[in-house]
Amino acid sequence: MNLFQRNTPVFTGALVALVGLLLFGGGIWLVMLHGSPYYLLAGLALLITGVGLIRGRWWSLWVYGLAWLGTVAWALWESGLDAWALEPRLLVPTLLGLYLLLPRIRRRLHPGKSISSAGNVIFPLVGVLLVGLLFFAHPYPKDPPEQAQAQLTQASSSPQDVDNDWRYYGRTPRGERWSPLTQIDQQNVDQLQPAWEYRTGDVARSGENKDGYEFNFEVTPIKVGDTLYICTPHSQVIALDAVSGAERWRFDPKPETGNNAYLACRGVAYYEAPAGTDCPQRIISPVADARLVALDANTGKPCASFGDHGFVSLKQHLGDVPKGFHFVTSPPLVVRDRVVLGGWIYDGQKTNEPSGAVRAFDPITGQIAWAWDVGRPESVISHPGPDENFTVGTPNAWGVYTADVKRGLVYLPTGNAVPDYYGAKRRPFDEKYSSSVVALDIETGAPRWSFQTLHHDLWDMDVPIGPTLVDLQDTNGKTVPALVQTTKRGELFVLNRETGEPVAQIAEKPAPQGGLPGEPVSATQPYSVGMPSFAPPQIEEKDTWGVTPIDQMLCRIEFRRLDYKGAFTPFALDKKTLVYPAFDGVIDWHGASVDPERKRLYANLSYIPFVAQTLERSEAEKIGLVEPWDGKGQPPRPKKFAINPQYGTPYVVKVDPWLGLLGAPCKAPPWGQLAAVDLRTRSVVWKHDVGTTRDMGPMGLHINLPFPTGIFNIGGNVTTRSGLIFMGATADDYLRAFDAQNGKELWKARLPAGGQATPMTYMGKDGRQYVVIAAGGHGGLQTRSGDYVEAYALPKRGEP
């Protein structure tokens, strides 16, 4: 009792001792897992310091000082001068040390000693400088060499100069996401201001965007003439005046979605019919309940000649389609009088899900022109019979397609045979075409060639978008018709788009082995060694992260307990598996933009590891993770989007982001980057972090300090002839403009909601260039939701 009556820092000492006890206990656990001994030693030092503080001993400050110096040495040894790696190691220990040096603490430990007033200024100043160094050290990217600068500013006589429309997701069927416009450039982009705002009124409704089910506003508008056309997550199609943003018409197909798993529409398609046809200009759009609708582009009314009064069912020839198991999120590709599309099969739910067959429809009648079914010996079906069904469970192709119209080829990005995380029963044709880029004849559907980006994919690393077409020169100066295929892996595969042969060297490298009983695992995986790779390096224990030393230690403990042998570690039953890169990908459905004149590729990159837990079905049912199902009727929906019930297999898989105690990633920043690649020299021109933590607060709060860590992003970028890159994909709710020459941020505008969509740009009839982006948030990324379409332009003449 006398101890607590003394004028000593008892409360401070108790807290320090408690933290020391936590670190000491966790440190013992980590050492037993063959991890770093630092936390054990640091915990012991804090315990001694805490006891000394309680007892009023001056030496406790010396103990802590020695522990702090040891922490600095250990931090520099593990992390070098990486500011974000140093933050969890040094920030809290330094702030605690500064607190212990305050006069109010030191006087209690040494009542008879005078306290220097200079220390009251010096110590806090050192602390502020250190905090600033740790949190805001963000060097500017280096300028490219002079040769690259000259190449970036050269002019062009491209015939695309006169084309001011944006008729495809990527502006052209080639998927470049590049504009020849130059009105907005590096010198005036900082003058951009809001031009108009439109609200769709389509927001998440009751029962949606809950328990992991997603509602995402990801549309990229198309522009034809003076009109923009968009679709909303609930499949409403809207026409807007390109200059004012005023609504011209709206059509609501009233889809029967119920509690659909994924509500998103990334765009619509445009078709010009021959003269004399009803609806000579048509907007063709997917509907969330597995339908396709054709609308008069001028009035928004359904085209009566298309299918059944304007609608075509996408469930035809798919057999039994449970509700919500087949839906289209990407715009159809309309070229050469064909409407080509596949669909997204609800991943990870059961075996024998609806077929992943890709179909081409007649854009006037809505009749099937051909279907590519990999399970058929003949592969292509023309005009299937009324009772004819396609092969169930085949790989689908759900992303945006691209095409070489001149050569008559359409390029498909394929997914996996279902379910994603178990492949023991996959068939030879599943294995051949999964996670591939496939070239088909546009008019007949006949396959020309295919290239597989990942063998026997067990990690949902499907190809999420078609390739971008670009003409390159080989070492002899001969022009090669090429394509660049981005991947979730972060690999860039460059192929001859006529033959599928590699243009840049590809090598097979050994892959981790093991996995589930009876599950074959590929011995090797393909790597694009002739191109720069954005695949993340293998994680080590020192790469783990946290806001404080405690949650970093817990992440280290978890890392040591996870099964991880690098990329493509097979899942196992006895341990959780660290998956990195994971299904969200380094480059997801948005792809990259390509400047066809300067032969540069621009990609925004996202880095976040996931943890997969595989359970026996009986165990998963016992703990209530999934419900039993007898294989009849509608399968039970999982409680969360992260749960893959995989009915028809022995296993259930749960996949979650690898986060620490405070909700921060267990992997150190950067979490988001923007990069430029020279496709001629096959080298990285520049790469730097992009985005801040401003809107990614703890517990789902959309508020935080704007630490420049680089942040997760979903959504693409576009580039212009004037040398600008526009991107709004980051989780901090900004639309940004970057200098394509060196990657420097030149301008940004605050968005009212998450901008997880690909922007576009065009010249309005008023002579102003507009930049437009959908801002409605992303359920999976948990950004701010909304229903906005935002347009920006330079001030009108005479305006400030």
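In what follows, every heavy atom counts, from backbone to side chain, and hydrogens, waters and symmetry copies are set aside. In this text the structure is predicted, and so the values were computed from the model without any measurement.
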* Going by an N to O cut-off under 4.0 Å, is there a salt bridge joining R248 and D241? -> yes
* Is a salt bridge present between R167 and E272, judged by a nitrogen-to-oxygen distance below 4.0 Å? -> yes
* Option among T220, T329, N216 that satisfies the side-chain hydrogen bond (donor to acceptor under 3.5 Å, both in side chains) test with R266 -> T329
* Structure fact -> For C303, the side-chain contact (heavy atoms from CB on, under 4.5 Å) test, sequence neighbours excluded, returns D278, C279, R282, A294, F306
* **All ring pair (Phe, Tyr, Trp, His ring centres under 6.0 Å) counterparts of F534, not counting sequence neighbours** => none
* Asked: Quick one: are P467 and V437 in side-chain contact, heavy atoms under 4.5 Å?
  -> yes
* Under 3.5 Å, side chain of H688 to main-chain N/O of G743, donor-acceptor pair present? -> yes
* **Distance-minimising heavy-atom pair for R177 and N717** => CB-O, 3.9 Å
* Asked: Hey, what do you get for CE (M727) to CD1 (I773), rounding to the nearest 0.5 Å?
  -> 9.5 Å
* **A582 to I608 - nearest heavy-atom pair and separation** => CB-O, 4.4 Å
* Asked: If we only count heavy atoms from C-beta on, is the V690 to T730 side-chain gap below 4.5 Å?
  -> yes
* **L240 side, atom CG; D226 side, atom CG - distance, nearest 0.5 Å** => 13.0 Å
* Asked: Partners of R784 by salt bridge (charged side-chain N to carboxylate O under 4.0 Å, His left out), sequence neighbours excluded?
  -> D695, D733
* To do: Keeping to residues at least two apart or across chains, list the ring-ring contact (aromatic ring centres under 6.0 Å, His included) pairs with something in residues 714-763.
  => W747-Y792, Y762-Y770
* Is the side chain of T468 donor-acceptor paired with the backbone N or O of G175 at a distance under 3.5 Å, no angle test? -> yes
* **N/O donor-acceptor pair under 3.5 Å between T299 side chain and K301 backbone** => yes
* **A297: partners by side-chain contact (heavy atoms from CB on, under 4.5 Å), with sequence neighbours left out** => Y229, Y270, Q281, I283
* Hey, does L794 have a side-chain heavy atom less than 4.5 Å from the side chain of I184? -> yes
* To do: Could you tell me whether the side chain of D462 and the main chain of P464 form a donor-acceptor pair under 3.5 Å?
  => no
* Could you tell me the separation between the CG atom of L483 and the OG1 atom of T402, rounded to the nearest 0.5 Å? => 7.5 Å
* To do: With sequence neighbours excluded, tell me which residues meet side-chain contact (heavy atoms from CB on, under 4.5 Å) with R250.
  => Y198, Q236, I238, E247
* Do side-chain atoms of Q485 reach the backbone of V463 as a donor and acceptor pair under 3.5 angstrom? -> no
* Is the side chain of K748 donor-acceptor paired with the backbone N or O of E745 at a distance under 3.5 Å, no angle test? -> no
* Locate the shortest heavy-atom distance separating S285 from V268; write the atom from each residue and the value. => OG-CG1, 3.4 Å
* Asked: Among all residues two or more places apart in sequence or in another chain, which pass the side-chain contact (heavy atoms from CB on, under 4.5 Å) test with A592?
  -> T486, L601, A603
* When the aromatic ring centroids of H234 and F215 are compared, is their separation below 6.0 Å? -> yes
* To do: I would like to know whether Q186 and S722 meet side-chain hydrogen bond (donor to acceptor under 3.5 Å, both in side chains); could you show each step before the answer?
  => CA-CA 7 Å; Q186 291 97 330; S722 59; 5.4 Å; no
* **Q183 side-chain N/O to G767 backbone N/O, donor-acceptor pair under 3.5 Å** => yes
* Using salt bridge (charged side-chain N to carboxylate O under 4.0 Å, His left out) as the criterion, list what pairs up with D732, not counting sequence neighbours. => R736
* Asked: Between D678 and V685, is there a donor-acceptor pair closer than 3.5 Å when you use the side chain of the first and the backbone of the second?
  -> no
* **Non-hydrogen atoms of A242 and T227 that approach each other most closely** => CB-N, 4.3 Å
* To do: For N604 and G715, indicate whether the former's side chain and the latter's backbone hold a donor-acceptor pair under 3.5 Å.
  => yes
* Asked: Does Q756 use its side chain to pair, donor to acceptor, with the backbone of A729 at less than 3.5 Å?
  -> yes
* Smallest separation among heavy atoms of T758 and G716, with atom names -> OG1-N, 2.9 Å
* Asked: Can we say K406 and D404 salt-bridge, meaning some charged N sits less than 4.0 Å from an Asp/Glu carboxylate O?
  -> no
* To do: List in chain and number order the residues that pass salt bridge (charged side-chain N to carboxylate O under 4.0 Å, His left out) with E197, two or more places apart in sequence or in another chain; answer none if no residue qualifies.
  => none
* Asked: So, do V219 and T232 sit near enough that their side-chain heavy atoms are less than 4.5 Å apart?
  -> no
* **Heavy-atom side-chain contact between W178 and S593 under 4.5 Å** => no
* To do: Answer yes or no: is there an ion pair linking D165 with K223, defined by an N-O contact shorter than 4.0 Å?
  => yes
* For V410 and L333, what are the C-alpha separation, side-chain angles and deciding distance, and is it a side chain to side chain contact (heavy atoms under 4.5 Å, CB included)? -> CA-CA 9 Å; V410 57; L333 177 69; 3.4 Å; yes
* Asked: Hey, what do you get for OG1 (T172) to CD (E176), rounding to the nearest 0.5 Å?
  -> 4.0 Å
* Asked: Taking C-beta and beyond as the side chain, do Q191 and P795 meet within less than 4.5 Å on heavy atoms?
  -> yes
* To do: Mind checking the CG-CG spacing from D584 to D460? Nearest 0.5 Å is all I need.
  => 9.0 Å
* Quick one: list whatever passes ring pair (Phe, Tyr, Trp, His ring centres under 6.0 Å) with W671, sequence neighbours left out. => W545, F712
* Asked: Which residue pairs pass the salt bridge (charged side-chain N to carboxylate O under 4.0 Å, His left out) test when at least one of the two sits in residues 326-338, sequence neighbours left out?
  -> R336-E443
* **Student check: side-chain heavy atoms of Y168 and V335 closer than 4.5 Å** => yes
* Structure fact -> Shortest non-hydrogen pair, A288 vs P233, comes out as CB-O, 4.4 Å
* To do: Could you check if a side-chain atom of V237 sits within less than 4.5 angstrom of a side-chain atom of I230, using non-hydrogen atoms only?
  => no
* Asked: Can you name the salt bridge (charged side-chain N to carboxylate O under 4.0 Å, His left out) partners of D471, sequence neighbours left out?
  -> R497
